[in-house]
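Since the structure is predicted, the reported quantities are computational estimates derived from the model, not experimental observations. Chain identifiers are assigned alphabetically (A, B, ...) following the order of the sequence lines, protein sequences preceding nucleic acid strands; residue numbering begins at 1 within each chain.
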2 protein chains.
Amino acid sequence: MPRKRRASSFDVARLAGVSRTTVSLVLNNAPHAHISEETRRRVWEAARKLQYFPHAAARSLVEGRTRTVALVWHRGPDVNYRDVFLPGLLQGLASALHAQGYSLLFRPIEPQEPDDVVLELALGGYADGLIISGPKAEDPVLAELVRREVPVVLHGQVPGLALPYVDVDNVAGAKRAVSHLLRLGHRRIAIITNARPEYVSARQRLEGYRLALREAGITPLPQWIQYGDFDEASGRKAMQALLEVQPRPTAVFVASDLVALGALYALWEAGVRVPQDMAVVGFDDLPLAAYTIPPLTTVRVPAWDLGFAAGQLMLHRLQGRPAVSQRLPIELVVRASCGSGSNTP
Amino acid sequence: MPRKRRASSFDVARLAGVSRTTVSLVLNNAPHAHISEETRRRVWEAARKLQYFPHAAARSLVEGRTRTVALVWHRGPDVNYRDVFLPGLLQGLASALHAQGYSLLFRPIEPQEPDDVVLELALGGYADGLIISGPKAEDPVLAELVRREVPVVLHGQVPGLALPYVDVDNVAGAKRAVSHLLRLGHRRIAIITNARPEYVSARQRLEGYRLALREAGITPLPQWIQYGDFDEASGRKAMQALLEVQPRPTAVFVASDLVALGALYALWEAGVRVPQDMAVVGFDDLPLAAYTIPPLTTVRVPAWDLGFAAGQLMLHRLQGRPAVSQRLPIELVVRASCGSGSNTP
DNA sequence: TGATTTTGGTAACAGGTGTTACCTATCCCG
DNA sequence: CGGGATAGGTAACACCTGTTACCAAAATCA
């Protein structure tokens, strides 16, 4: 006959023949408790037999914390783009949290949802801290969270906000990609950004592009700079525009793999060979990048590591240790689309 | 000066000049409570002013439920494959849950983690119910969960288990894809499965393939049947094998878009034109399918809808309503790789 | 021996909420 | 005017845990 009710610490105490206090002391390894080995053994045995797990709500009520961290996932115009990173980010985050016994609450926020819902996560005792992905500078909720001293870690930077964040080093990544093209001998190098210039990451990647060219003594023509908008369609359109530029650039740095996919498609449509007639480098290293035609040279964004770093940052913050923002290093993955590197995945 | 402590219902009561009980009755819209309009107004006003949210732990302690559902995400050999669906699934699930005031806990399980961790989610009061993705038939945890009467909904079927599940109609989807190729005049149609035959979904999609051919009076040659293994590399290899078959098939149904990506790559390497020399149809409709070269005709798997359905199933189960398994319908998305349909995304 | 420490353990409280049983006016109706 | 119903509201309990303060007995020390 199945036991339907869960076991409480009282049940464990009774089975072990001790008080409930003793059960708690033993199971939590209380440091200053004097309990005989024999008693400890009996308590553990009873807990195991009853499959006892402390009730999360009761524990969090008495401890004043939930041992839970929420990932606040803003849905915006860049939905499909950011969704690609969600699995890696989530699992890295969960990995960091679980290592310390914390749980992970996932909270997507639709654009029309009221501000309260984010506040409720913290003030309603659903989570001890909030990891906020896709934050916006003008968001009044962020200010309110700061005012209420809610522990917050941002995924993605917000200029002018003193909140700790994790992000990839966009400038260095873009510079690395463009430097690679320069080293291969290209001089007319265009860029298609990942997003419109309102976005911090787009500006940073553009800056990396400029930096690399400046070091090589090259001043980019205005027509070389095209703006993507997260998706493949925007990349296709931007590339079509670039193909009209005279003299035609010999290489393009596309600051997003999804946008690059559209760009590759436009080149295929136009019968322009990659990399012979046009070299292409992407950004993100999505799994699909290894199997585009031709395989895409790209800058790796370590989604899992970002999640893990965000989790660690939050744990530090919750434990009163110093929490310093992290800008993770990048790495160039060389494949065939740039003209160096192997032609097979 | 920032208020650091959160407001409790007691604070609201004091500000509104009523008792704590009245606050609770008003805020929860208790059906049989006689409270004057004026008092209600004062309570709501006070709650708003104090930004009061009921403490989740206290509430769940007294109500005996958490209003939380956990998604148990098993990491297995098909990691990359299933990860692609995670964002859609999660957001559909969250959408269904939030509509009823439920929260979503995300719990990835690494292969080496002990069985307890899943049990703890339910018995430790972390969640009222478990949505289990990537379940295995022989998993002893599933049996234990059933024994303890823990509400469970499976994402993906497990033969021989009487648990409610949500899944896509694999047989019908595969049949639809192959029928489309038949209608275009193909007779020598091969298949590359999404996974090895141990996997239920692989067997079901293969069955759909056979069904469609049988209806057309065609008996597939054994060499037409190749097994993929979730990733692009397996698709490339399988396609290379198919290219050796004489007479060469004129069309392939690849039961996974990722595997199809590898297959397209192999065709490109071999200089075989798609769709002129070989028609290709995929399965999943990943976002990238619209931008492969050429764009991939494929069977759409509605990840968001699956998540939403799983959420609703769970809510029904938790509310004592009948919870019946769902096999969601599929839809063929016609693009260029099959030879009918437009050549542009 | 008497005083002090150590060992092994427990009683009792706090934490915030939902709900039940109960209470007191006021109103309605015969 | 009496009695019952109703409106408006409250005191008190239960939910389960971690922790503090405390106690009794045994061991140690002066």
Measuring from the side chain of B/Ser8 (C-beta onward, heavy atoms only), which nucleotide among D/dT10, C/dT17, D/dT17 has the closest atom? C/dT17
Listing request: all salt bridge (charged side-chain N to carboxylate O under 4.0 Å, His left out) pairs with a residue in residues 115-132 of chain A, at least two apart in sequence or in separate chains. none
B/S/- along nucleotides 19-28 of chain D (protein heavy atoms under 4.0 Å) is BB--------
State which residues pass side-chain contact (heavy atoms from CB on, under 4.5 Å) with B/Gln157; sequence neighbours excluded, sorted by chain then number. B/Tyr165, B/Asp167, B/Gln204, B/Arg327
Using whole Å, what does the distance between atom C1' of nucleotide D/dC15 and atom NE2 of B/His55 come to? 14 Å
Taking OP1 and OP2 of D/dT10, is either one under 4.0 Å from a side-chain nitrogen or oxygen of B/Thr22? yes
At under 4.0 Å, does any side-chain N or O of A/Tyr52 touch on OP1 or OP2 of D/dC16? no
Got a sec, which pairs hit ring pair (Phe, Tyr, Trp, His ring centres under 6.0 Å) with one end in residues 113-143 of chain A, sequence neighbours left out? none
Would you tabulate the nitrogen or oxygen pairs shorter than 3.5 Å linking the protein to nucleotides 4-8 of chain C?
none

Could you list the residues that satisfy side-chain contact (heavy atoms from CB on, under 4.5 Å) with B/Leu27, not counting sequence neighbours? B/Val23, B/Val43, B/Trp44, B/Ala47, B/Tyr52
Please give, in whole Å, the distance from C/dG16 C1' to B/Leu27 CG? 14 Å
Any side-chain N or O of B/Arg59 below 4.0 angstrom from OP1/OP2 of D/dA14? no
For A/Tyr126 and C/dG16, give me the distance from atom OH to atom P, rounded to whole Å. 16 Å
May I ask you to verify if any side-chain N or O of A/Ser9 is less than 4.0 angstrom from the OP1 or OP2 atom of D/dT17? yes
Once side-chain contact (heavy atoms from CB on, under 4.5 Å) is applied, do any residues pair with B/Gln112, and if so which ones, sequence neighbours excluded? B/Glu110
Output the rounded distance in Å from CD (B/Glu38) to P (D/dG8). 11 Å
Distance in angstrom units between A/Leu123 CG and C/dG16 P, rounded: 13 Å
Just jot down the ring pair (Phe, Tyr, Trp, His ring centres under 6.0 Å) partners of B/Tyr199, sequence neighbours excluded, or say none. B/Phe230
Return yes if a side-chain donor-acceptor contact under 3.5 Å exists between B/Arg148 and A/Gln51, otherwise no. yes
I'd like to check the side-chain contact (heavy atoms from CB on, under 4.5 Å) partners of A/Ala303; sequence neighbours left out, ordered by chain and number. A/Phe85
Between the side chains of B/Arg107 and B/Glu113, is the shortest nitrogen-to-carboxylate-oxygen separation below 4.0 Å, so that they form an ion pair? yes
Roughly, in whole Å, what's the span from CZ in B/Arg65 to C1' in C/dT17? 13 Å
Can you give me the bend angle of the helix from C/dT1-D/dA30 to C/dG30-D/dC1? Use the axis through the first five pairs and the one through the last five, nearest 10 degrees. 40°
Quick one: ring pair (Phe, Tyr, Trp, His ring centres under 6.0 Å) partners of A/Trp304, sequence neighbours excluded? A/Phe308
With salt bridge (charged side-chain N to carboxylate O under 4.0 Å, His left out) as the rule and sequence neighbours excluded, what pairs involving residues 81-94 of chain A come up? A/Asp78-A/Arg82
d(CZ, A/Phe10; P, D/dT17) in whole Å: 11 Å
Quick one: CG on B/Leu25 to CZ on B/Arg20, what's the gap to the nearest 0.5 Å? 10.0 Å
Could you state the CG-P distance from B/Leu50 to C/dG16, rounded to the nearest angstrom? 14 Å
